[in-house]
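Notes follow once the structure below has been shown.
Keep in mind the model is a prediction, meaning the values are calculated, not measured. Throughout, a chain's letter reflects where its sequence line sits, starting with A, and its residues are numbered from 1.
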Number of protein chains: 2
Amino acid sequence: MLSTEQIIGVMSAQGLRITDQRKSLAKLFAERDGYLTPKDVYDYMCKQYSGLSFDTVYRNLRVMEELGVLEQVVFEDGLKFRVGCNSDGHHHHHMICLQCEKTYPIHFCPMPLTDAPEQFQVVKHKFEVFGYCKDCRPKESKETNESSKQKKGES
Amino acid sequence: MLSTEQIIGVMSAQGLRITDQRKSLAKLFAERDGYLTPKDVYDYMCKQYSGLSFDTVYRNLRVMEELGVLEQVVFEDGLKFRVGCNSDGHHHHHMICLQCEKTYPIHFCPMPLTDAPEQFQVVKHKFEVFGYCKDCRPKESKETNESSKQKKGES
DNA sequence: CTACTTGCAAAAAGTTTGCAATATG
DNA sequence: CATATTGCAAACTTTTTGCAAGTAG
């Protein structure tokens, strides 16, 4: 994962000017490894840097995404961003916690095992697992011997 | 895949009234097996049924999605709908053509092979393969791509 | 000092809601 | 005939754009 300084370094190396707003952004994304909506980003940055406008957030998110510092994912409820973690060149997928939205890498990639039907020319793929991480598992179902309630019903 | 009559049948069986607009919708989704944006739907329906309003499209898309007739997918460029194909209860995934947006089923599901790290409680997953189907493979120069990713800062 | 960035405001795009009129079952 | 459904208009959310002022390099 990239550190604040690394993120700033990349931006600087690409000729971007390092403003207070961009420092805030770098810090935010270096600290958090989950997905953030533009609004999340805006709210956080306002605390550090008052007088921020929303369009600045959008503009910078887009720039950082084009630089490869951030990656953009479309969720059911909208667009979200996180620190790019494929910048290290290592292909992997994610388990994404529905509660805290932290991500955990899955190094297993199903593509090599997948048959493309009828000369389908594969360009890219998406494999994402959603659920609850160990810190966010619904506690309410605390039954001690909940052994055979495995419903694998799934979307 | 569901036919026009089947779609209408489901809606009728659920107590929905069969209006001209809904017939258009049923016909549209029965004919096309790719993904359609609300705007696509609106444009198509206008040709068949003039005087249509946009909110009717949204309302019906939502209703049909709740009924399970349609399924809703979030793409990079927005929400899209298609005929529900999991209504038969058979879990599968899709290869989606980036050109014509037709989908091809993948019956292989990677979930059983995937290790959930650290007590991650899996709720759902998404496995989608994107590329070009045999009818849409880039023969020579496909101009329809969104190659608008310009590199900036090349002073 | 130069021009990249920002903030403001307003526009654009996408989606939802209230309500009276209409048409289905 | 009762009420689900539609069309209209307007609210609302999210994202984008133009432009003058501010600031990093």
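- Whole-Å rounding puts the B/K23 NZ to D/dT5 C1' distance at 14 Å.
- Contact annotation: the side chain of A/D40 never approaches that of A/R32 to less than 4.5 Å [non-hydrogen atoms, C-beta and beyond].
- Atom OH of A/Y58 and atom P of C/dA11 are 19 Å apart (whole Å).
- Looking at heavy-atom distances under 4.0 Å, A/Y49 makes contact with sugar-phosphate atoms alone, never a base.
- Contact record, A/Y35 with A/H94: OH-ND1, 3.8 Å, taken as the closest heavy-atom pair.
- In the helix from C/dC1-D/dG25 to C/dG25-D/dC1, the rotation axis of the first five pairs and that of the last five pairs differ in direction by 40°, rounded to 10 degrees.
- Backbone-only engagement by A/G51 is indicated by non-hydrogen atom pairs under 4.0 Å involving sugar-phosphate atoms exclusively.
- Note on A/E66 versus A/R62: no salt bridge recorded, every NZ/NE/NH1/NH2 to OD/OE distance being 4.0 Å or above.
- Looking at B/T114 and B/F120, their side chains never come closer than 4.5 Å, going by heavy atoms from C-beta outward.
- Whole-Å rounding puts the A/F54 CZ to D/dT14 P distance at 7 Å.
- Whole-Å rounding puts the A/L79 CG to D/dT15 C1' distance at 10 Å.
- Residue A/D43 contributes atom CG, which lies 11 Å from atom P of D/dT14 at whole-angstrom precision.
- Within the 4.5 Å cutoff, the side chain of B/V41 has no heavy atoms near those of the B/F81 side chain.
- A close approach under 4.0 Å does not occur between any side-chain nitrogen or oxygen of A/T56 and OP1 or OP2 of C/dT6.
- Side-chain contact between B/H93 and B/H125 is present, with at least one heavy-atom pair separated by less than 4.5 Å.
- Using a 4.5 Å heavy-atom threshold, the side chains of B/L25 and B/M45 count as touching.
- Going from atom CZ of B/F75 over to atom P of C/dG14 covers 16 Å, rounded to whole Å.
- C/dC8 atom C1' lies 14 Å from atom CD of A/Q21, rounded to whole Å.
- Checking A/F127, A/F130, A/F108 one by one against B/F127, the ring-ring contact (aromatic ring centres under 6.0 Å, His included) holds for a single residue, A/F127.
- Taking atom CG of residue B/L25 and atom C1' of nucleotide D/dT5, one finds them 13 Å apart after rounding to whole Å.
- No donor-acceptor pair closer than 3.5 Å links the side chain of B/S12 to the backbone N or O of B/I8.
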remark   = Reading nucleotides 18-25 of chain D from 5' to 3' and marking B where a protein heavy atom lies under 4.0 Å of the base, S where only the sugar-phosphate is that close, and - otherwise, the string is B-----BS

